[in-house]
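What follows is a single structure, written as structure tokens, with notes after it.
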Number of protein chains: 2
Amino acid sequence: MRVLVVEDDPLHASYLREAVRGALPGVIDIVEARDGMEGERLAREPGCASVVMDLQMSRRTGIEAARTIWAERPATRILFWSNYSDEAYVRGISRIVPKEAAYGYVLKTASEDRLKLALRAIFLEAQIVIDREVHQIQHARGRPERGLTEAEHAVLVDAALGLTDRCIARRQHLSLRSVQNRLRGLYDKLEVLPEGNDLAPGDFNQRSRAVARALQKRILNPQELEYAETKLQAWLRGDR
Amino acid sequence: MRVLVVEDDPLHASYLREAVRGALPGVIDIVEARDGMEGERLAREPGCASVVMDLQMSRRTGIEAARTIWAERPATRILFWSNYSDEAYVRGISRIVPKEAAYGYVLKTASEDRLKLALRAIFLEAQIVIDREVHQIQHARGRPERGLTEAEHAVLVDAALGLTDRCIARRQHLSLRSVQNRLRGLYDKLEVLPEGNDLAPGDFNQRSRAVARALQKRILNPQELEYAETKLQAWLRGDR
DNA sequence: AGAGGCCTTGCGGTTTCCCGCAAAAGAGAT
DNA sequence: ATCTCTTTTGCGGGAAACCGCAAGGCCTCT
């Protein structure tokens, strides 16, 4: 059995290496990559069906790497090992995970035992393992009152990138008014206006405020926006 | 001699501990804090004039902790040890460092020797040590054509928080038109409109686009915005 | 003092955003 | 089928953002 470790921090990488050796005695060799780009490349080597992946790396995010890995070989088992449980990450992952894949999401704050348990469950038993803190975010997204719809999220991202209502409408195949309606809903859900009383009616530009709130609430994060930006550039050139 | 280590990642903390012991044989004891809050408290202990500080911690940023530490005892020597060299960090630090303080900024990608050298230079010799990569950003800020003025930066932050032009004007003690002028300058410097040709004239909301670009260029980061948000809330309640 | 720069401010006009109102178009339940 | 509930779309208007133009203030240099 071969395991690929994708992690840019050398200290964390060596810690992971020890944990993998301890948890999985059957491992023959451990391959390491220091960013998503390299990880994608090494994942193409034969017999590399088990990956431990850090999110938040410099050159290429773990989510982007996982996207291409799963696109090429959907049966690959990936354990995401991250500092944070931002909704942005959770949403990004749950959008790309294929039905046939086993995967996991373990926080770096977890104990070594939890990590080893997850390694065995995912790579040996093909189970799904999600830290509770992460799972709660996943769960909240399902409820309509909490969390954002996929559609709302898409509009939010476009607004955060700095597109006008009209351009968002073209991109999402909606009318101008519908985009504004979606935004209106976002302003409510993100609690753009200060609670209850309106001491400061004209103090907030709701559009920009919504983006700020989404960043505060970890619904958006800069890495996600960076990825969305490259897709936007492609769209601006190609389609329109 | 006593050294305070403020670092939320246990792996990095133990690495730091070893480096401090190796570089400074005269160290009697090493105190550790796992976030900025705890760091501020422990820094008040007597004889704690040397601090190694991570930026980017969960509960309270390293910059915030450094601000209060230096406000209370400006002679404290602080070595910032960070993953990134974002302009947002560099700007934040250079705003709060007192004249009489020795300090340093070393990236986590630096070798162990570089780290040890910096520890000795700052804590024993009271020198200033800045990694080259960080220093280049500091330098670019001085030039007027590159980088943003303090005034422009303040307006940018307010806009990113979602304030209207009018509200920014009140906050910065400017006229409405001046705020719009500053924003206009920002739109140029941040290259809000796609280069040269204007294929898409009405596609961008420049205000939101400017924030997105600033995040991409690491001129703003979410932690900084979070701090600015608390200051904004205080201002909204108190002054106005 | 005068000239040239830069920053600030005001005026006026166009565009975009924001939103109430209401009609049309599904989706689902009884 | 009809009756709801939700979503989408259009219309219209008030507020904010965006920007060219120009007048005044403050600085430096000669």
Side-chain angles (χ1 to χ4, degrees), chain A residues 142-194 198-214, chain B residues 142-194 198-214:
Chain A
R143 304 275 159 284
E145 61 279 10
R146 277 235 237 263
L148 309 184
T149 321
E150 277 306 305
E152 285 173 325
H153 182 260
V155 171
L156 175 61
V157 169
D158 280 355
L161 290 177
L163 296 180
T164 61
D165 291 357
R166 170 166 37 239
C167 187
I168 298 175
R170 276 207 306 274
R171 225 177 152 210
Q172 306 286 336
H173 306 289
L174 287 172
S175 77
L176 183 63
R177 192 62 178 82
S178 293
V179 172
Q180 294 175 331
N181 259 343
R182 284 245 220 290
L183 285 171
R184 182 71 180 45
L186 282 171
Y187 300 154
D188 286 346
K189 287 194 180 176
L190 295 171
E191 296 164 297
V192 158
L193 295 177
D198 44 353
L199 286 171
D203 277 359
F204 285 110
N205 173 331
Q206 314 193 55
R207 189 190 204 72
S208 301
R209 181 84 184 144
V211 176
R213 297 285 298 152
Chain B
R143 304 273 160 285
E145 62 277 10
R146 275 232 237 264
L148 309 185
T149 320
E150 277 305 306
E152 284 173 326
H153 182 260
V155 171
L156 175 61
V157 169
D158 281 354
L161 289 177
L163 297 180
T164 61
D165 291 358
R166 170 164 39 238
C167 187
I168 298 176
R170 276 207 307 275
R171 226 177 152 210
Q172 305 288 335
H173 306 289
L174 287 172
S175 77
L176 183 63
R177 193 59 179 85
S178 293
V179 172
Q180 294 176 331
N181 262 342
R182 284 245 219 290
L183 285 170
R184 183 70 177 60
L186 283 170
Y187 300 155
D188 286 347
K189 287 194 180 175
L190 295 172
E191 298 164 300
V192 158
L193 296 177
D198 45 353
L199 286 171
D203 278 356
F204 285 109
N205 173 331
Q206 314 192 57
R207 189 189 205 71
S208 301
R209 181 82 184 147
V211 176
R213 297 285 297 154

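Each chain gets a letter, A, B and so on, in the order the sequences are listed, and its residues count up from 1. Because the structure is predicted, anything quoted here is derived from the model rather than measured.
- His173(A) places its NE2 atom 16 Å from the C1' atom of dT8(D), with the value rounded to the nearest Å.
- The phosphate of dT16(C) has OP1 or OP2 within less than 4.0 Å of a side-chain N or O from Arg166(A).
- With dC19(D), dC11(D), dC17(C) as the candidates, the nucleotide lying closest to the side chain of Asn205(B) is dC17(C).
- Using a 3.5 Å distance cut-off with no hydrogens or angles, the side chains of Arg177(A) and Asn181(A) do pair a donor with an acceptor.
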Requested in this report: Report the C-alpha distance between Ile168(B) and Arg182(B) in whole Å, list the side-chain angles of each, state the deciding distance to 0.1 Å, and finish with yes or no for side chain to side chain contact (heavy atoms under 4.5 Å, CB included).
Outcome: CA-CA 11 Å; Ile168(B) 298 176; Arg182(B) 284 245 219 290; over 6 Å; no

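- Atom pair Tyr187(A):OH and dC17(C):P shows a separation of 9 Å (rounding to whole Å applied).
- At dC19(D), one or more side-chain N or O atoms of Gln206(B) fall inside 4.0 Å of OP1 or OP2 (strictly under the cut-off).
- Atom CD of Gln172(B) and atom C1' of dT9(C) are 17 Å apart (whole Å).
- As rounded to whole Å, 13 Å separates atom P of dC18(D) from atom CG of Asp165(A).
- Not one side-chain nitrogen or oxygen of Arg177(A) sits closer than 4.0 Å to the OP1 or OP2 atom of dT8(D).
- For Leu183(B) and dT15(C), the CG to P distance is 21 Å, given to the nearest whole Å.
- Among the nucleotides dT8(C), dA17(D), dC19(C), the one closest to any side-chain atom of Thr164(B) is dA17(D).
- Val192(A) and Ala210(A) make their closest contact through CG2-CA, 3.7 Å (heavy atoms, listed as atom of the first residue, atom of the second, distance).
- Between Gln180(B) atom CD and dG13(C) atom C1' the separation is 13 Å, expressed in whole Å.
- Computed from coordinates, the Arg209(A) CZ to dA16(D) C1' distance equals 17 Å when rounded to whole Å.
- Between Leu176(A) atom CG and dC11(D) atom P there is a gap of 11 Å when expressed in whole angstrom units.
- For Arg207(B), a side-chain nitrogen or oxygen approaches OP1 or OP2 of dC18(D) to under 4.0 Å.
- The side chain of Arg182(A) contributes an N or O atom lying less than 4.0 Å from OP1 or OP2 of dT8(D).
- Between Ser208(B) and Ser178(A), the one whose closest nucleotide on DNA chain D sits nearer the 5' end is Ser178(A).
- Nearest nucleotide to the side chain of Leu174(B), out of dC19(D), dT8(C), dC19(C): dT8(C).
- In plain terms, the two heavy atoms of Leu190(B) and Arg213(B) that are nearest each other are O-NE, 3.1 Å.
- Side-chain atoms of Ser175(B) lie closest to dG10(C) of the nucleotides dA17(D), dT9(D), dG10(C).
- A salt bridge links Asp165(A) with Arg207(A): the closest approach of a Lys/Arg side-chain nitrogen to an acidic carboxylate oxygen falls below 4.0 angstrom.
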